[in-house]
Amino acid sequence: MRRGKLCWKMVSSALILLLAGSAAWTTQASADSARSMTISRIDGPAYIQQSGGALRIQAYPGMLLHEGDTLVTESGGAVLSIQDEGDEITLAPNSEIRIKVLTGGAVQSTTKLELMSGQAYTSVHDLRESRDVFEMDVPGQKLEVKGTQFFVIINPLTGTPDVVAGAGVVKVSGTNPQSFAGKAESPVTLYPAQQISLTPGVDPSLQTPTSVDISDLVHQASPDIIKAIIQNKAQIDRENQELIEQQKKQLEQGQSKPSGSSASNGSNDLFLVSQLEDLQKIQQNLNVLVGNVAKEASSQSKIEKSKLDQLIEQVNRGIDDPNGKIDLRNVRPFDPTVGLDPQLEAKRKEQEKAQQELQKKIQEQIQQQQQQTQEVLQQQQMQNILLQQQMQQQLQAMIDKILKTIAELQQANQKAAEQRATQAVIQYQQQLSTEEMKRFEEEVRRRNQERIQMGGQQPSAPTQPTAPTQPNSPGGSMTPPVKPPVDPPVDPKPVEIKAVFSPDFPEQVLLNSSHKFTFGFSSGQSNQDTKVKVRVTYISKTGINLSETDYTYWYGEDAIKEGQLSPDGIVITKEAGPDEEEGEDFTLGELNGTPITFATRLPEVGDYQVKVELLKDEEAAGDPLVTVTKEVHVFDGLSTEVNPIEGTDLDRTLKVKAGAITPEAVLGLQIDLRRGSGEESEAAPGAQFILLHNGKEVTVGETNSDGIADVLLPPELAAINLGLVNGDGPTPEGTEFTLRMVAPADEGNVPIPGQYTAELQWVRQTGDIEQFIPLGQAFKVHYTVPPTL
């Protein structure tokens with residue numbers, strides 16, 4: 001019935017547009033406008049390559065992405081939100097996604113993405129009764145979504161995409177149908193709890209969907225993706241229930257396939273049933289799908305147990321049906337054979353077994369060929385080694401013979417030269433008078449003494465002096481030979497070394513956020529092998545003690561060392577040394593570019609100074625080769641004024657003003673409630689905290705066994721909708737809440753009297769319960785619950 005209405009609406013719209021003429025088409029085309037996508041959360045380094053640009057810039061939470069932009073995640077995942085439609089894409093680490101089309105108008109919105117590598121979980125608004133378009137390209141295939149929840153993983157080794165449908169319908173078709181031997185496009189319909197492995201360039205109709213392999217899905221998926229699947233359980237169950245109801249009506253009308261299914265799928269459809277009993281089995285299978293994913297994640301230890309329990313507790317709060325809640329102690333098994341044609345499934349398994357045997361034979365042949373090739377290479381290598389040894393022996397013999405000949409010639413030449421020098425001195429002395437001979441001998445002794453003082457050795461025979469000015473006349477003077485002066489060595493002109501930061505040094509940091517920067521040194525043509533160290537020093541301008549402030553630094557992708565800041569600075573080396581000793585020094589060449597990343601979390605609001613020094617390797621206390629000083633300001637995100645309400649003991653007004661939060665930030669309160677005071681205080685479970693805004697209850701939370709409660713605002717009450725910020729930034733008046741405590745009660749439902757203290761902390765929600773970001777300073781509220789008369 002819905003489909004018929006939709007078709008009639010589309011035909012009517014087409015007739016009206018045709019009658020309106022070209023002007024109407026121009027008006028409609030101009031109505032479409034560019035939309036944007038927001039980075040809601042980033043868990044590690046990520047980079048953006050903007051449309052039309054060649055450079056990559058570092059991404060940050062709250063950043064807007066537009067058509068043509070590409071996002072690349074590295075060691076952490078990310079969450080992207082499309083605010084106008086409520087769509088959300090969760091990316092795993094090491095993923096790359098491009099926005100191909102992101103436009104919208106009054107009639108239709110169009111979103112087309114391309115996942116080039118990694119993993120993505122997509123939660124899309126319901127498109128079954130909409131003209132909106134949502135597509136995601138993967139290598140060689142196109143995914144058209146007519147539902148809400150699906151998961152894509154691209155094998156990093158083979159490049160093969162695997163697609164799993166959680167709710168709704170996903171149509172798979174080739175992005176280049178001409179490559180399929182000239183055939184027309186052959187889409188394959190994927191239904192909930194189905195998966196398909198797609199070979200790029202192969203007609204999708206030749207690749208049969210199967211029931212989801214939950215164990216393999218959890219094994220391949222990153223923890224970010226698994227958490228997203230569990231968090232969307234309520235929406236997955238709701239849409240699958242609607243699909244079951246629709247199929248039930250069609251079955252009662254004599255149809256055995258869901259509307260919209262493709263003939264290319266034939267009897268491979270998961271929902272191909274002939275009686276209500278089969279449909280009931282499928283319904284039971286879909287109801288336990290997410291529960292089995294959570295149980296398998298626990299079995300494989302993909303998520304820490306305490307965090308998984310906390311996540312399940314949060315998800316169960318949003319599920320009204322007790323049978324729909326997740327209970328890891330009581331999860332009915334998922335049956336992968338339900339709804340499948342036994343004959344086709346047996347045939348598929350036979351084909352899969354035959355393909356595995358063929359792959360095994362091919363692998364054995366490859367290994368045999370590799371072994372034979374290795375043996376041939378080893379024989380050739382041995383022959384080459386023997387030949388090289390023979391050549392080296394022959395060459396060494398020739399070198400030894402040449403060196404021996406040269407030594408004999410040098411010895412003969414030296415002996416002949418000494419003989420000639422001695423003969424020349426004797427002949428010269430015979431020409432000297434007695435007085436000249438005396439002066440000659442004194443000069444020879446003086447010269448020899450100078451050589452000894454300068455570190456030389458006394459010669460065995462005197463050196464022939466320079467002839468006198470008048471050798472045959474008495475009183476003629478002797479001029480000793482003078483060694484020509486040697487110019488002292490001149491140091492080459494030093495090359496300037498500069499510190500380089502990428503993309504820039506963060507000078508403004510939100511309190512409780514990480515101060516993280518990446519840097520290195522540009523050393524030009526100087527000696528790249530010079531050994532150096534790097535020292536980073538944090539100084540508080542307001543006297544804040546930083547000795548217990550943690551830090552971590554990386555060299556490349558490896559985390560080298562963690563520790564705590566020191567007033568003397570942190571000396572950074574290439575690797576951590578044993579027993580708190582310094583590790584191996586860098587060379588200038590290894591620091592070229594920006595290979596070092598340093599991160600810390602500054603404890604209080606205030607101004608800080610960061611000094612980065614490049615040190616010579618001899619001692620860290622020497623004069624630095626380079627010194628760079630940077631300024632850092634840590635600012636608060638929220639401020640809260642608490643006031644009592646007259647006539648009540650358990651209500652308080654919270655006047656909140658914003659600092660530097662983004663308009664789309666969604667807030668929450670984390671509350672730690674204790675009964676008593678000092679060391680005798682204890683956790684107070686079972687208390688409720690109700691938050692009201694403009695007199696209307698907006699959220700509620702209850703303290704657990706540890707006295708902790710999460711009071712989280714709904715997404716529609718973002719900072720801009722609360723009046724905390726507007727288009728120009730924070731509003732001067734802020735906003736006001738009423739916080740109401742309902743005291744914990746005993747078994748008789750009587751409030752437990754006593755003095756209570758609640759420590760409250762505003763947080764920004766990120767979609768992940770262990771990734772709340774604190775905003776502002778924590779504050780306390782004191783309550784008195786009197787005894788009941």
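What you are looking at is a predicted structure, and each value in this text was computed from that prediction instead of being measured.
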### Query
Looking only at heavy atoms, which two atoms of Tyr756 and Ala684 are closest? And how far apart?
CE2-CB, 3.9 Å
### Query
Of all residues at least two apart in sequence or in a different chain, which pass the ring pair (Phe, Tyr, Trp, His ring centres under 6.0 Å) check with Phe505?
Phe501, His515, Phe517
### Query
Thinking salt bridges, do Lys657 and Glu733 make one under a 4.0 Å N-O criterion?
no
### Query
Quick check: does any side chain N or O of Thr90 sit under 3.5 Å from a backbone N or O of Ile225, one acting as donor and the other as acceptor?
no
#### Entry: Check: Tyr608 ring centroid to Tyr538 ring centroid under 6.0 Å
no
### Message
Test: salt bridge (Lys or Arg N to Asp or Glu O under 4.0 Å). Region: residues 71-98. Which pairs qualify, not counting sequence neighbours?
### Response
Arg35-Asp84, Arg98-Glu114
### Summary
Hits for ring pair (Phe, Tyr, Trp, His ring centres under 6.0 Å) against His693, two or more places apart or cross-chain, chain-then-number order -> Phe737
### Task
Not counting sequence neighbours, which residues clear salt bridge (Lys or Arg N to Asp or Glu O under 4.0 Å) with Lys655? List them please.
none
### Query
Nearest heavy-atom pair of Glu702 and Gly686: which atoms, and what distance?
OE2-CA, 3.8 Å
### Task
Evaluate salt bridge (charged side-chain N to carboxylate O under 4.0 Å, His left out) for Arg238 paired with Glu242, printing each intermediate quantity in order.
CA-CA 6 Å; Arg238 183 167 54 253; Glu242 293 174 359; 5.4 Å; no
### Task
Could you pull out all residues at least two apart from Glu736 that satisfy salt bridge (Lys or Arg N to Asp or Glu O under 4.0 Å)?
none
### Message
Tell me every residue that passes salt bridge (Lys or Arg N to Asp or Glu O under 4.0 Å) with Asp649, counting only those two or more places apart in sequence or in another chain.
### Response
none
### Task
Could you give me the CA-CA distance, side-chain angles and deciding distance for Ile326 and Val290, then say whether side chain to side chain contact (heavy atoms under 4.5 Å, CB included) is met?
CA-CA 8 Å; Ile326 301 174; Val290 178; 4.3 Å; yes
### Asp327/Lys325 salt bridge by N-O under 4.0 Å criterion
no
